[in-house]
There are 2 protein chains.
Amino acid sequence: MSSVLHHPPAGVARDLIAARGGRATRTRIAVIEALQACAHPMSHDELGAALDAAGVAHDRVTLYRALEWLVGQGIATRIAGGERAWRFELRGDDSHRHAHFHCERCGQIVCLEDVAVTSAPPLPAGFELDRSELVLHGACADCGRQREGRR
Amino acid sequence: MSSVLHHPPAGVARDLIAARGGRATRTRIAVIEALQACAHPMSHDELGAALDAAGVAHDRVTLYRALEWLVGQGIATRIAGGERAWRFELRGDDSHRHAHFHCERCGQIVCLEDVAVTSAPPLPAGFELDRSELVLHGACADCGRQREGRR
DNA sequence: CTGTTAATGCTACTATGTTGCATCAATCAA
DNA sequence: TTGATTGATGCAACATAGTAGCATTAACAG
């Protein structure tokens with residue numbers, strides 16, 4: 001379930017970081033590798049667990065700041081979608097932005113590689129578009145099959 | 001600036017509530033009226049200020065619960081988009097779902113009535129779509145004109 | 001190896017949202 | 001109009017997500 005890299009590796013974590021003039025610290029490296037190894041955007045919590053599993057000691061705040069830096073450098077992106085915590089994923093080619101699916105039963109966020117995000121919507125005059133975010137809400141395949149009334 | 005009702009009134013607040021078998025309390029009525037009078041989706045904070053301004057006493061928790069009920073009844077919808085607080089707007093006709101614009105400078109969320117949300121994207125097998133959310137991020141007309149580097 | 005300074009790891013704090021429970025008041029029936 | 005019923009409120013306490021300040025540590029250039 002985690003053998004699929006859904007984003008191009010685009011070089012080793014260390015190089016990605018060094019190319020931006022940042023320091024290749026264990027936290028940043030571990031975060032990038034965790035994101036590469038995971039098929040869906042990860043929350044802070046998930047990332048924290050992944051670092052623990054990888055034996056990488058880390059502080060909650062450090063993780064926040066590492067992610068902040070990765071996003072600021074364009075290495076990762078934040079997704080709002082689900083509940084009120086950010087999710088993060090590595091940022092692939094800009095030309096290949098995809099939508100996300102939020103399962104309202106299990107809370108999981110899934111990448112919809114096939115659903116492209118319309119890149120040029122008709123904006124009112126004066127508005128400048130930076131990026132678009134398309135999130136579909138519903139029940140994922142696993143949750144959809146075992147039907148329940150309540151979320 | 002607040003004379004435009006961007007959603008069809010669809011009857012008075014009391015009737016909207018009574019039609020769902022709920023009690024027409026001052027909080028719910030005031031929330032609906034505040035949402036009707038405002039041209040953009042409102043946060044809890046904004047709603048709280050609006051109730052204060054209207055002289056409607058309210059508890060923070062009561063407001064959360066009123067909104068929760070309105071959303072559950074399909075009278076209002078929640079939007080994730082901006083920073084990590086929900087925004088709320090009255091739910092118009094289902095056939096006329098629109099996108100939202102999040103200004104990363106002033107934090108405001110604006111309704112893009114002209115940008116329709118694609119209703120039938122190609123979902124993987126087993127997935128059930130409930131609703132779609134399209135949020136565009138960038139700078140709004142006001143902020144875009146006074147250019148600044150930092151968000 | 002050493003110095004510089006970017007990152008880290010505390011501690012504390014803010015913002016956002018939730019739970020439990022006693023009290024109040026919207027609605028209904030008489 | 002007057003209760004009785006019970007949905008909604010208000011309060012206190014808690015939970016989760018994220019941020020700020022600052023002393024300490026460790027990347028990396030030399």
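To find a chain, count down the sequence lines: A is the first, B the second, and so on, and within it residues start at 1. No hydrogens, no waters, no symmetry mates; every other heavy atom, side chains included, goes into these values.
- Residue Arg26(B) places no side-chain N or O under 4.0 Å from the OP1 or OP2 atom of dC24(C).
- Residues from residues 54-73 of chain A that place a heavy atom under 4.0 Å from any atom of DNA chain D, listed by number: Arg60(A), Val61(A), Tyr64(A), Arg65(A).
- If you check dT16(C), dT9(D), dC28(D) against the side chain of Ala85(B), the one that comes closest is dT16(C).
- The separation between Arg84(A) atom CZ and dA17(D) atom P is 6 Å, rounded to whole Å.
- Atom pair Ile29(A):CD1 and dT8(C):C1' shows a separation of 14 Å (rounding to whole Å applied).
- Distances were taken from every side-chain heavy atom of Trp86(A) (C-beta onward) to each of dA26(C), dT16(C), dG18(D); the shortest belongs to dG18(D).
- Distance Leu51(A) CG to dT8(C) P: 11 Å, rounded to the nearest Å.
- Atom-to-atom, CD1 of Ile17(A) to P of dA26(D) comes out at 17 Å; the value is rounded to the nearest Å.
- Distance CD (Glu83(B)) to P (dG17(C)): 12 Å, rounded to an integer number of Å.
- Proximity of His102(B) to Leu136(B): side-chain heavy atoms (C-beta onward) are nowhere separated by under 4.5 Å.
- A salt bridge links Arg87(A) with Glu46(A): the distance from a Lys NZ or Arg NE/NH1/NH2 to an Asp or Glu carboxylate oxygen falls below 4.0 Å.
- You'll find the side chain of Glu89(B) reaches within 4.5 Å of the side chain of Thr77(B), heavy atoms only.
- In the helix from dC1(C)-dG30(D) to dA30(C)-dT1(D), the terminal helix axes, each the rotation mapping four pairs' C1' atoms onto the next four within five end pairs, subtend 40°, rounded to 10°.
- Donor-acceptor pairing under 3.5 Å, judged by distance alone, is absent between the side chain of Arg23(B) and the base of dA8(D).
- Counting heavy atoms from C-beta outward, Ile29(A) and Arg14(A) have side chains that approach closer than 4.5 Å.
- Remark: Arg28(B) is positioned above the aromatic ring of Trp69(B), its terminal NZ or CZ atom under 6.0 angstrom from the ring centre and at most 45 degrees off the axis.
- For Arg20(A) and dA7(C), the CZ to P distance is 14 Å, given to the nearest whole Å.
- Whole-Å rounding puts the Arg28(B) CZ to dG7(D) P distance at 11 Å.
- Between Thr25(A) and dA6(C) there is no side-chain N or O to OP1 or OP2 distance below 4.0 Å.
- Contact check on Glu104(A) versus Arg131(B) returns a salt bridge, with a Lys/Arg side-chain nitrogen under 4.0 Å from an Asp/Glu carboxylate oxygen.
- Along DNA chain C, the nucleotide nearest His44(B) and the nucleotide nearest Gly21(A) are compared for position; the residue whose nucleotide lies closer to the 5' end is Gly21(A).
- The ring of His100(A) has its center closer than 6.0 angstrom to the ring center of His98(A).
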Practice prompt. Report the C-alpha distance between His137(B) and Val135(B) in whole Å, list the side-chain angles of each, state the deciding distance to 0.1 Å, and finish with yes or no for side chain to side chain contact (heavy atoms under 4.5 Å, CB included).
Written response: CA-CA 6 Å; His137(B) 299 263; Val135(B) 182; 3.7 Å; yes
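- Neither OP1 nor OP2 of dA17(D) sits under 4.0 Å from any side-chain N or O of Arg87(A).
- Aromatic ring centres of His44(A) and Phe88(A) lie closer together than 6.0 Å.
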